Amino acid sequence: MIKVTIDGRDVELEHPVTVLEAARKAGIEIPTLCYFEGLSPFGGCRLCLVEVEKLPKLQTSCTLMTADGMVVRTETEQIRAARRSMLEFLLINHPLDCPYCDKAGECELQDLVARYGPEAGRFAEGKRRHPESFDDPIIVRNMERCVLCTRCIRMCSELQASYSISVTGRGSHSFVEPFSGGRYDCEYCGNCLTVCPVGAIMSRLHRHSYRPWFVEKETETVCGFCGVGCSMVLQMRENSIIRAIPRRGVGFNEGLLCARGRFGYEYVEGGEELTTPLMRVDGELRQVSWEEALSFTARRLGEIRDEFGGGAVGAVASGRCTNEDNYMLQKLMRFVIGSNNIDSAARNYYAPAQIYLERIFGQGITANLIPGIANSDGVFVAGGDPTAINPILGLKIRAVWRSGGRVVVLGVPGGLKRFVPYELIPVPYSEEIVLSAIVGRLLERKPPGGANAALEAKLRDLRIPSDDELGSTGVSPEDVARVSEDLSSMSTPVVVIGPDMVQRRRASKSLFLLGAIAYLTNARIFLLADRPNYQGLLDMGCLPELLPGGRPVELEMFRHKAEEALGMKVPEQRGLNLFEMIDGAESGRLKALYVMGENPVFNLPDGVRVEKALGSLDLLVVQDVHLTETARLADVVLPATAWPEKEGTYTNLERRLQRVRKARRGKMASYGREDWRILADIAGRLGMTKTYQRVEDVWEEVMHVSALHTGLGYEEMDGGRALWPYYGEPLRGMEGDFTVEGLDGLPEVPAPERPYLMIERPLYHSGTFSRRSKALLAIQPGPYLKMNPELARRHGLTGGDKARISNGRGVLELEVRLDDDMPDNQVHVANTFEGFAAMRLAGFGTDPVTGALYMDDNTVRVEKVLR
Amino acid sequence: MDIMDEIRDLSRKYPDRRGALLPALYVVQKEAGWLSQEALDTVSRALNLPQATVKGVATFYAMYKHRPMGRHLIQLCTNVACMIMGAERLVDLISGRYGLEPGGTTDDGRFSLVIMECIGACDRAPAMLVDTDFHADLTADNIFEILEKYE
């Protein structure tokens with residue numbers, strides 16, 4: 001026990017901490033400028049100076065560790081004079097342009113000068129001049145205001161681990177700059193904006209548009225971009241979002257956000273939102289009243305149900321909609337229309353992977369906490385770049401590296417490049433062989449313990465490739481040995497699984513092998529999710545085979561429970577999944593499709609076929625915020641509200657339930673209606689007697705119907721406490737029985753002549769929503785074709801050229817961007833920008849075991865476009 | 001030897017990559033006499049250090065140049081001992097003969113002149129460095145004799 005006296009108060013400490021931390025703990029405020037909680041101490045601003053008895057000079061409390069018996073004073077005349085002098089030094093070069101500085105009002109320097117002075121400086125020379133930099137579209141740098149606290153640099157290198165800025169120059173010519181000296185080449189997390197205590201690093205998004213004290217309302221909500229679910233505060237003025245900021249102490253993201261979360265919110269105010277329902281009249285979409293649209297939709301759904309049976313109707317749920325929205329869609333389908341045909345774009349990878357892993361290990365296997373990754377001593381990543389798909393989760397992996405852990409990535413490491421000791425990049429579609437070899441080696445080092453008999457039986461049947469058989473993968477036996485050695489040396493490892501490990505033939509085998517690695521090393525599994533509520537829509541029963549709570553619809557016991565809870569019937573057979581619904585539309589078996597918050601024409605492979613299939617439906621209803629590619633084909637378009645206008649809950653990839661809160665309302669809010677309300681209205685017109693006034697009423701029902709969510713009210717969700725397994729009952733005893741395709745064989749590694757077209761998942765964009773965000777467009781304005789210089793050379797291309805990629809499904813013309821880190825024989829395009837649906841060019845199939853989509857026949861001809 | 005290899009070889013002499021940064025910067029500066037953005041990027045890639053870190057270090061030290069220099073770099077000391085011994089007169093002479101102001105470069109790209117801080121040769125003041133050659137006991141009589149040797 002350490003006892004110190006601070007300002008006459010006795011403070012007892014379990015562990016040695018700095019004097020500053022000890023004082024804060026005792027409720028004594030010591031002024032600081034360069035100190036920032038979570039960053040390493042710097043001791044540069046000298047404002048936290050304190051007197052310590054028996055020490056001759058003033059000490060910086062942010063760097064001085066407490067020692068037993070220390071007597072500290074934090075506010076004496078000597079200290080005040082010192083602080084005043086420090087501030088006088090800082091003001092020598094500071095422009096004192098507070099009247100038009102956006103920071104005024106929340107500027108730490110301004111506040112400190114107001115408190116300590118000096119009222120005037122004695123320095124008579126001129127101030128240094130350094131023009132404000134507007135080279136960057138998002139961040140404006142005013143280095144005349146900079147006090148060189150280096151908080152931004154420590155943030156960028158310690159927590160974001162992006163290392164994109166540094167102090168350049170020396171003495172009074174020290175400026176914080178990116179490498180280019182102008183525009184940033186960084187991850188645009190904007191976390192430097194959070195830490196800058198003055199107006200040196202500011203966002204251009206809301207420049208000169210408000211004063212901090214003009215903020216009328218703050219709404220604490222959860223980001224709507226990816227499956228991490230970072231908490232953020234939306235600051236509102238006149239019902240318009242001024243800015244989205246993180247707040248330390250709110251949410252597990254600990255004051256960090258990524259580019260999408262911080263800058264991407266504007267898509268909701270782009271002015272392109274649907275304002276009224278639309279209906280197809282004489283082949284054209286015309287504006288109609290809500291009443292007209294709703295009654296038409298309900299009537300047609302009813303007619304189709306009555307004529308062809310509920311099975312002729314299908315629905316697509318949305319990973320961007322709340323649990324309540326998805327629950328209501330599921331209820332409309334299953335209980336009102338009588339169809340289990342409900343699925344979502346989570347079918348692409350998240351849903352099948354999650355369900356397959358749960359079949360092996362039991363429900364909740366991926367429900368692990370993201371902050372916990374940082375405490376791990378090793379990470380194995382396969383199937384995607386976590387720093388782009390789930391950026392804040394990616395930061396935790398970087399933190400593992402910082403604390404001395406090992407990061408191993410199978411595939412292109414992307415944003416983890418600086419953090420891996422070696423690269424392990426197999427030839428496309430040979431990962432399965434490499435994983436089998438790794439598992440083979442691991443089995444020698446870590447014999448299984450007998451806990452999961454089914455899995456171990458499968459491991460005995462697993463064909464382990466010989467060193468020669470590894471030859472076709474481009475990964476050497478030495479590399480495999482190294483990986484397995486690293487994996488077996490980890491005591492608290494984490495296995496991170498991304499989409500690319502699922503979107504392939506024999507997804508079951510890749511998932512089984514990754515599961516086996518996790519099993520043998522006793523690792524926790526994380527499944528990356530590029531939508532905020534993929535997990536939620538699964539738990540709400542938006543799957544052809546599962547009811548709310550993840551209960552199989554085909555088991556009578558569960559079906560009965562649900563029917564009893566709602567007093568309504570459910571069809572006995574599992575329904576069609578997303579691809580079966582496309583097939584059904586094509587063959588005429590499916591007559592109507594209700595699409596909520598999803599854009600299948602753009603986001604599914606083989607768009608031509610999807611478009612044709614949807615076109616042959618009797619009724620296509622699209623409920624969305626914008627007139628998407630799919631909405632343009634619809635018979636009815638129902639405008640929904642966007643994320644900041646929603647109340648409800650999201651379930652993130654940790655399975656944490658968090659509240660989404662409405663920030664915009666009143667006349668600035670869009671004309672859309674909440675998704676669940678539209679659905680409940682239609683269900684009511686089709687005979688549902690239950691009515692809902694508020695979103696809470698929907699959640700009440702979820703708690704009643706889903707055995708997982710029993711007793712988990714909204715009030716329980718505050719502060720991120722609604723963690724798996726909640727208060728409900730996870731489904732037990734369903735695991736153990738699973739199939740692995742091709743366990744005793746090794747696949748032929750394809751060697752196509754033409755390069756593969758792969759989907760890039762860019763850090764700065766997210767699906768088709770982000771293309772309406774001006775800020776994200778300023779960072780990455782359009783699509784490009786990424787390839788390595790060698791591949792480009794073989795096609796007579798160089799960076800900046802225009803290239804045409806084509807196959808039987810379509811043609812795209814894109815600007816070539818060279819990237820040394822790209823593997824050979826593949827080109828990457830983001831599936832985001834209007835008119836550039838890369839997915840359209842890929843063929844697809846459905847994995848027979850997991851039901852996952854796999855991309856197939858996705859090679860393209862690449863040629864130069866001659867100007 | 002390729003410059004990347006030269007830097008990588010060099011880095012083996014240091015406990016970590018950061019340690020090799022200063023000598024690596026000298027290696028690339030030797031090529032063109034100054035450090036362009038491309039040169040800094042080369043160091044960044046050779047040592048696998050962030051570009052911004054490399055730039056931060058390179059701009060901190062006065063011995064690294066960030067704009068093109070003449071073929072030969074004259075670094076003349078004008079600190080106390082050299083000043084007393086007439087260094088400032090030498091600056092004027094150089095300026096007069098070559099049209100070269102301190103901090104500048106001759107039009108033909110032959111010389112750049114930098115006024116440097118104490119060179120540690122006060123006993124033989126005034127002193128200068130031309131590139132890496134040390135010259136002391138400079139006078140109005142011998143300075144051009146020395147400089148004319150540098151083409």
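Not measured: the values here are computed from a predicted model. Proteins get letters first, then strands, A, B, ... in listed order; numbering begins at 1 in each.
- The main-chain N or O of Gly56(B) is never found under 3.5 Å from a side-chain atom of Thr168(A) such that the two would form a donor-acceptor pair.
- Residue Glu148(B) places its CD atom among more than 12 non-hydrogen atoms of other residues, nucleotides or ligands, all under 6.0 Å distant.
- Arg418(A) CZ: more than 12 foreign heavy atoms inside a 6.0 Å radius.
- Inter-residue side-chain proximity for Gln51(B) and Pro178(A) is flagged as unmet; no heavy-atom pair is nearer than 4.5 Å.
- Considering only heavy atoms from C-beta on, Phe179(A) comes within 4.5 Å of Gln37(B) through its side chain.
- Lys55(B) contributes atom NZ, which lies 6.5 Å from atom OG of Ser180(A) (distance to the nearest 0.5 angstrom).
- For Ala62(B), the parts lying near chain A are the backbone and the side chain together; criterion is any non-hydrogen pair under 4.5 Å.
- Heavy-atom contacts from other residues, nucleotides or ligands closer than 6.0 Å to CG of Asp107(B) number 12 or fewer.
- Surrounding CZ of Phe89(A) are at most 12 heavy atoms belonging to other residues, nucleotides or ligands under 6.0 Å away.
- The number of heavy-atom neighbours closer than 6.0 Å to CG of Asp133(B), taken from other residues, nucleotides and ligands shown, is above 12.
- With Thr59(B) contributing its side chain and Gly169(A) its backbone, the two residues share a donor-acceptor pair below 3.5 Å.
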